[in-house]
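Worksheet for the structure shown next.
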There are 2 protein chains.
Amino acid sequence: MSDSYRQEVRDLALFAEMDMGNFEALMRGAYVQNFPPRIELITEGELPDFLHVVVSGSVDLFSTWNGRETSLATVRPVSTFILAATIRGAPYLMSARTLEKSRIVLLPSEDVRRLFDSDSVFARAIVTELSQCYRAIVKNTKDLKLRTSLERLANYLLRQRQRNGTDEFDLMMEKRRLASFLGMTPENLSRSFKGLEPFGVKVAGNHIVITDVADLMRFAKPSPLIDDDST
Amino acid sequence: MSDSYRQEVRDLALFAEMDMGNFEALMRGAYVQNFPPRIELITEGELPDFLHVVVSGSVDLFSTWNGRETSLATVRPVSTFILAATIRGAPYLMSARTLEKSRIVLLPSEDVRRLFDSDSVFARAIVTELSQCYRAIVKNTKDLKLRTSLERLANYLLRQRQRNGTDEFDLMMEKRRLASFLGMTPENLSRSFKGLEPFGVKVAGNHIVITDVADLMRFAKPSPLIDDDST
DNA sequence: TCGACGGCTTGACAATTATCAAGTGACTGC
DNA sequence: GCAGTCACTTGATAATTGTCAAGCCGTCGA
């Protein structure tokens, strides 16, 4: 494995503080793989062989039931996914597929679990990461249960504005996936974008301009307890 | 604190394996409190002072936004809640209220965080607990996004059947709260119960009889990746 | 250049879900 | 006992969301 990837993984909060010898051992068993777009990396129901780290590209976490499919999250560099399944040695609850050409570091689950047992610094880093993931999905559940689809879209746009630090930005994903992520159909997402025009949202393809932030916020009523990424 | 509560807390997976001296220290700072029904124990947005352990009674975790409210989970003895907020020292994302007369053990957050840093056995127990909570809420999100309300109710009833080990049981909560938990209105829950009659569900007040399990399963299509409590 | 493809949009319509209003029935306190 | 309360139910109606079909409009490759 090239040193640059090694360093990128080491820089993750999850691995940054762990014992260097343990980290080296973990990386010895690891390998990097390149995937083309739209490749299914893992399938829900299977047992975790590897902890995955996205080094470049992006990965969609999704789930299916009874012929329906929904997108649950997007993983962007540099971060891990399916940590909980790896730790528990329990079946994946989500499937994962690459969205674009992506480079993934694979860490054997066995090694991760063994280190989790022997390296208490690593164990603590895992707690931090897991509690972060847990809180993120709690916020997502609140978003889903307390808001209409129009309100979810409005707040999504405000969160993107916050991330980008500007009132003008491009959507980070296909609209069809955004629709799935927000829990609606592509058709309804189209109509919802129209529905936000009166509140100061201009849409041209993937390009969004928020012309009246105050007005949009008045409608969206964002809350730190749902929309803050950090806490 | 009485020895019986001390032992009940110790028996929790979260505390069972930790160093005895550390556990004793934790319990010295703890205290037990009795609450009447419908008392708000914590309010979302506040900072965690205590890790809560329900010893008897039951607690509703809920959240509000813009005048709406939704029930996210019910905590029954003996288990903890708001572990993630306590560990991160971040604001509660959910509020909690007693559903009935309840006895709660309060463990100062400071002590919990300190022990989490110094007792690696405890830290590992926390990882197990958190990953369990995380996976539970992922399942809940899939339930919400992939199923209609009728399907959610059908699968809920099958889960209760599994828990109780019998085709005849009482609902564990008020129907209004069940409705909120399942992401629907009380009116719709009423109609949904009616809608499940053709699939072998008989309802009389809080009492449920599943007269045709095979038929109900054919409709509900339960999946271990959504409906299994254990994995 | 052209046609095929795929994602997006639009309109008509249907299903699902929520809201409002009224009524039932069980329990409670005077 | 009896009125009052509250959860639950039911019906009518409205809002939201999904489905289906068709058309638009880029991109891409022949």
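Values in this document were obtained by computation on a predicted structure and should not be read as measured data. Letters go in sequence order (proteins before strands), and every chain restarts at 1.
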Q) Would you say dT17(C) has OP1 or OP2 under 4.0 Å from some side-chain N or O of Asn188(B)? A) no
Q: Return the value, rounded to whole Å, for the distance between atom CZ of Arg38(A) and atom C1' of dC5(C).
A: 13 Å
Q: Decide yes or no on side chain to side chain donor-acceptor pair (under 3.5 Å) for Asp11(B) and Gln7(B), but give the supporting numbers first.
A: CA-CA 6 Å; Asp11(B) 286 344; Gln7(B) 191 56 45; 2.9 Å; yes
Q | Ion pair check, Asp167(A) and Arg161(A), cut-off under 4.0 Å | A | yes
Q. Would Lys142(B) and Glu44(A) pass as an ion pair if we require N to O under 4.0 Å?
A. yes
Q: Would you mind reading off the distance between Arg191(B) atom CZ and dA14(D) atom C1', rounded to a whole angstrom?
A: 12 Å
Q: Give a yes/no answer on whether the side chain of Thr148(B) brings an N or O atom under 4.0 Å of OP1 or OP2 in dT16(C).
A: no
Q) Tell me: CD of Glu187(B) to C1' of dA14(D), nearest whole Å? A) 13 Å
Q: Evaluate the criterion side-chain contact (heavy atoms from CB on, under 4.5 Å) for residue pair Val9(B) and Val78(B); output intermediate values, then yes/no.
A: CA-CA 8 Å; Val9(B) 174; Val78(B) 178; 5.6 Å; no
Q) From the list dG18(D), dC8(C), dT10(D), which nucleotide is the closest neighbour of the side chain of Lys175(A)? A) dC8(C)
Q | Ring center gap for Phe50(B) and Tyr31(B) short of 6.0 angstrom | A | yes
Q. Rounded to whole angstroms, how far apart are CE on Met184(B) and C1' on dT17(D)?
A. 16 Å
Q: Please state whether the phosphate of dC8(C), meaning OP1 or OP2, lies under 4.0 angstrom from any side-chain nitrogen or oxygen of Ser190(A).
A: no
Q: For the side chain of Arg176(A), starting at C-beta, report the closest nucleotide among dA18(C), dT10(D), dG7(C).
A: dG7(C)
Q: Please report, rounded to the nearest Å, how far the P atom of dA7(D) is from the CZ atom of Phe193(B).
A: 17 Å
Q.
At less than 3.5 Å, do the side-chain atoms of Arg147(B) and the base atoms of dT16(C) form a donor-acceptor pair?
A. no
Q. What is the distance, rounded to the nearest whole Å, between atom CD of Glu69(A) and atom C1' of dG18(D)?
A. 17 Å
Q: Take atom CG of Asn206(A) and atom P of dG7(C), then tell me their distance rounded to the nearest Å.
A: 13 Å
Q. Does a distance-only test, which skips hydrogens and angles, find a donor-acceptor pair under 3.5 Å between the side chain of Glu174(B) and the base of dC8(D)?
A. no
**Q.** Length of the CZ-P vector between Arg177(B) and dC6(D), whole Å
**A.** 18 Å
